[in-house]
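Okay, structure first, notes after.
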Number of protein chains: 2
Amino acid sequence: MGSSVAVGRKQWWDPRLVVVTTDPLNAETRLDLHDGIVTPNRLFFMRNRFRIPEVDSDTWRLTLSGEVAKEMSLSYLDLMAMPSTSLLVTTECAGNGRKAMQPAPEGEPWQYGAVSTAEWTGVPLHALLDKAGVRPSASEVVFEGRDRGPVGEAGEEVPFARSLPIDKAMHRDTLLAYRMNGEPLPVAHGFPVRLVVPDWYGMASVKWLSEIRVAAESFRGFFQVERYVMIGDSFDPPVQLTDAAVRSVIVSPGRHQRLQTGSHVIRGFAWSGNGLLQVEVSADGGDTWRQAEWTSPRQAHAWRSWQCTWELRACGSTELQSRATDTQGTVQPRESTWNQLGYACNAIQTVPVIVDEASTTS
Amino acid sequence: MGSSVAVGRKQWWDPRLVVVTTDPLNAETRLDLHDGIVTPNRLFFMRNRFRIPEVDSDTWRLTLSGEVAKEMSLSYLDLMAMPSTSLLVTTECAGNGRKAMQPAPEGEPWQYGAVSTAEWTGVPLHALLDKAGVRPSASEVVFEGRDRGPVGEAGEEVPFARSLPIDKAMHRDTLLAYRMNGEPLPVAHGFPVRLVVPDWYGMASVKWLSEIRVAAESFRGFFQVERYVMIGDSFDPPVQLTDAAVRSVIVSPGRHQRLQTGSHVIRGFAWSGNGLLQVEVSADGGDTWRQAEWTSPRQAHAWRSWQCTWELRACGSTELQSRATDTQGTVQPRESTWNQLGYACNAIQTVPVIVDEASTTS
């Protein structure tokens, strides 16, 4: 199974990451540290259910079994020898923004920093599945990581495992990734190989991948049906999370920043599992909205940066807000739909700032 | 002027970079270290004409003068407060591949590693020029860096300085960059601010930027008219370098690698200052060519990865080759046009490999 990395033993990551829990390690990226589409590896947010396992790439094997014509067992080098693809992908934790939800749901109190973007390089999963020959009986593909621990009230020990419907597993951009921003995966991000599922919330992108099973039935594992489901009043039956909901964040100005009257650039990022249409900005607490302009090119699966120049005239407190709209016309809501586990909290973020009279000597 | 960084004093870069000269520091990126579009900062090739200057961003100013309505002097924070853009850009030294040219021209003997790709973030230059109000008399914009030293036979001390025609300077993607792959520019890459000129050879992207002068006349500086010009038999008058010529490289298999008969994936990158049409691959020394497939998305200014699966049947020595074609139909030549300073050496690269009979027990 490989040994576990004790938290804090290998602090290769940036000390400016905001640690949310230490065991298991969960840490988010301060919004003001994002500048540019790609998040450097040591600033990329970390989300772990269990202790980080250490895997030896020399002895690591990936097994592929179940509803396939030919079961397979691949080494790290076997995988490296296969055709590969590189893609920019934004990954967001399903609980990102949970701290803003009222009343407070269960789960890690993430602010807005459980989202980052990297260039992932690896083998398209469909190439491996094609090689193995998926049977017509296949309906899902189950992915199991090396990380494991007790879950639920019974405290049963399970690995982190999740499934994808066969169509999503066969999507050309679903990757078995072994590189991150041009470097081998850091241990905390799934070394030697992880799944990368573009457009879906991050829980789907299983790290430290060890087993792939093609299944005829629906997977009922803990992290498939007990977690990463929308439950609570308005969700009966529970709804499994898939695509990331449309969202934008402001990265500058920062919260409670003092600004002088006059012209200011408001900047941020926007992303969505369903493509982006536009971002609008308000600098008067939501009374008026103005369309922002994109400052990075469109990418299939990555966030885009935007900016909007706003003339601040009135002194005093005000609120900066941004709202993104996806290609289906869905706009970020003023309030997220409350759910017990606090997922998909994509409500409009509010950034309070204070505006002072510009000094006449400037 | 700021002090100079002695070579080797701050080796934050990766020791696997291949040092070509130590003073000034020039180092290239081993081709096999490229995997994914983005080159990590510490693996990005380094090209310096002089010692690397150290600049204090607190006291640094960027002056903008000449044919403008309003001369300006900006601080680092002034620049950071302006609207910014993020772009993936491939930068290639004009002398990349020079070592393959026969007879050997002057200049650093680069192999194929003087090319890398980063995401640059910064202020579009046109925004600054618009603010200053460019006069109709403007024909060029001259950029001066903090790096300086003696040049030519007289050994006169000059700064590294280059000009752009006004249209290229006003291009929306020409940037004053202050971030590289989401991090502040490393000192060796131009901290605090450098020019990034997409599609042109790297000499245009002046580092450690200190002055911008809008000029009515053609700039005649050393690095404009004595270097970065195609001179020699077939070039009379000399031709100044601009767009990077179409080129591809093979990153895997490596030179002299032993392969077994059977199926192999050949991988590489291709780029061009004029857009890419296709890449073809030959595994029989150029007798037959087959179209490769792209394995990364199209980007306005960055290289693309490609691959091609080839069945190697014959044992013995053979040569792998790739040739890219740009959108104007220009194909990489078998031989580059010789020129005295060895620029634009975009001839097809040849990677010799040895094919052995596959062992029957594999």
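The figures here come from the full heavy-atom set of this structure, side chains too, leaving out hydrogens, waters and symmetry mates. Here is how names work: the chains are called A, B, and so on, in the same order as the sequence lines, proteins then strands, and each is numbered from 1.
- Between the CG atom in D35(B) and the CE atom in M180(A) there is a gap of 14.5 Å [rounded to 0.5 Å].
- Pairing each heavy atom of S86(B) with each of P297(A), the nearest pair is O-CD, 3.5 Å.
- Smallest separation of non-hydrogen atoms from T121(A) and G36(B): OG1-CA, 3.3 Å.
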Next on the checklist: As a quick check of understanding, evaluate side-chain contact (heavy atoms from CB on, under 4.5 Å) for Q307(A) and M82(B), giving each step before the final call.
Outcome noted: CA-CA 10 Å; Q307(A) 70 188 10; M82(B) 290 183 66; over 6 Å; no
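- Partner of E119(A) under the side chain to side chain contact (heavy atoms under 4.5 Å, CB included) criterion, chosen from T117(B), I37(B), L88(B): I37(B).
- Looking only at heavy-atom pairs under 4.5 Å with chain B, the residue among L87(A), N181(A), L43(A) that has the most is N181(A).
- For the residue pair S84(A) and R267(B), the shortest heavy atom distance occurs at OG-NH1, 2.6 Å.
- For a residue to count as touching a neighbouring chain, one of its non-hydrogen atoms must lie under 4.5 Å from one of that chain's; by this rule R42(A) touches chain B with the side chain only.
- Under a cut-off of 6.0 angstrom, the local environment of CZ in R172(B) is sparse, with at most 12 non-hydrogen atoms contributed by other residues, nucleotides or ligands.
- Looking at every heavy atom in both residues, A81(B) comes nearest to V265(A) through O-CG2, 3.5 Å.
- Using a 4.5 Å cut-off between heavy atoms, E293(A) makes no contact with chain B at all.
- L33(B) approaches R179(A) most closely through the heavy-atom pair O-NH2, 4.1 Å.
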